[in-house]
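Below is one structure, written out as structure tokens; comments come after it.
Protein chains get the first letters and strands the later ones, always in sequence-line order, with residue 1 at the start of each. Remember, it's a predicted structure, so these values are computed and weren't measured experimentally. For the numbers below, each heavy atom of this structure counts, side chains included, while hydrogens, waters and symmetry mates do not.
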2 protein chains.
Amino acid sequence: MATRAKEFPQCAFRQTLDVLEGKWKFAIIDSLLQHEVLRFKELERDVAGITARMLVKELKLLEAHGIVRRQPYATVPPTVEYSLTDCGHSLQPVIEAIRTWGEQNKAALQPA
Amino acid sequence: MATRAKEFPQCAFRQTLDVLEGKWKFAIIDSLLQHEVLRFKELERDVAGITARMLVKELKLLEAHGIVRRQPYATVPPTVEYSLTDCGHSLQPVIEAIRTWGEQNKAALQPA
């Protein structure tokens with residue numbers, strides 16, 4: 001992903017597509033927009049269908065891009081909470097546009 | 001993709017993410033929004049970095065979901081033009097939301 005983003009340094013639109021590539025990141029961001037703060041297990045339950053391994057991978061990428069904040073607590077057992085940064089919160093209009101389109105174009109959503 | 005969409009029949013948002021999965025579909029739709037009608041080779045040039053094989057695959061999926069229209073002409077050699085359907089055109093707010101976010105959050109776009 002980083003490599004691809006480097007290939008198009010001139011185009012913020014294409015770089016954004018690289019950063020948000022795949023369907024899981026939008027689903028994770030949507031879940032955090034709705035719940036504000038979630039532990040890993042809560043996020044895993046809320047993003048139906050995602051595997052723990054994929055969630056770890058996607059959260060690391062989102063954290064690296066400053067979209068998700070990871071807050072570990074020194075409890076026993078250790079707990080980690082995830083939330084959106086301001087940058088992550090600013091994706092709300094994108095999520096809303098996708099949701100609106102989906103609701104208005106259900107015919108296009110039938111399995112091809 | 002069809003299989004995954006079937007797993008979440010209740011949720012238009014998750015189905016939309018399945019249909020628009022990956023970064024290429026948004027890039028193809030953006031190109032067709034800007035140019036209205038393009039031949040395959042023109043589209044391949046405009047969507048920088050895509051391979052012919054990937055473009056064929058993505059166009060077939062977009063056509064199957066009623067987002068892209070494929071118009072073949074019986075010329076010699078045969079030509080094919082691609083354009084957006086009304087449903088495809090209605091994705092403009094999504095594309096614009098992604099573009100706006102990308103321009104306002106360039107820091108998040110640095111390679112992780």
### Task
Kindly write out the residues that satisfy side-chain hydrogen bond (donor to acceptor under 3.5 Å, both in side chains) with B:K41, not counting sequence neighbours, or none if the list is empty.
B:E44
### Query
Under 3.5 Å, is there a donor-acceptor pair between the side chain of A:K25 and the main chain of A:E21?
yes
### Message
Would you compute the distance between atom CD1 of B:I98 and atom CG of A:L20 and round it to the nearest 0.5 angstrom?
### Response
7.0 Å
### Pairing residues for B:S31 by the side-chain hydrogen bond (donor to acceptor under 3.5 Å, both in side chains) criterion, not counting sequence neighbours
B:D46
### Message
Can a donor-acceptor pair be found, under 3.5 Å and without considering hydrogens, that links the side chain of A:R14 to the backbone of B:A48?
### Response
yes
#### Entry: Close side-chain approach of A:V19 and B:N105, heavy atoms under 4.5 Å
no
#### Entry: Backbone N/O of B:F40 and side chain of B:R45: donor-acceptor pair under 3.5 Å
no
### Message
So does A:R53 get a backbone contact from the side chain of A:K57, meaning a donor-acceptor N/O pair under 3.5 Å?
### Response
no
### Close approach to chain B in residues 70-87 of chain A, criterion heavy atom under 4.5 Å
A:C87
### Main-chain N/O of B:L55 paired with B:E58 side-chain donor or acceptor, under 3.5 Å
no
### Task
Taking heavy atoms only and a threshold strictly under 4.5 Å, list by residue number the residues of residues 90-97 of chain A that touch chain B; give 'none' if the list is empty.
A:S90, A:L91, A:P93, A:V94, A:I95, A:A97
### Message
Any heavy-atom pair between the side chains of A:Q104 and A:R99 that's under 4.5 Å?
### Response
no
### Query
Side chain, backbone, both or neither: which part of A:I67 has a non-hydrogen atom closer than 4.5 Å to chain B?
side chain
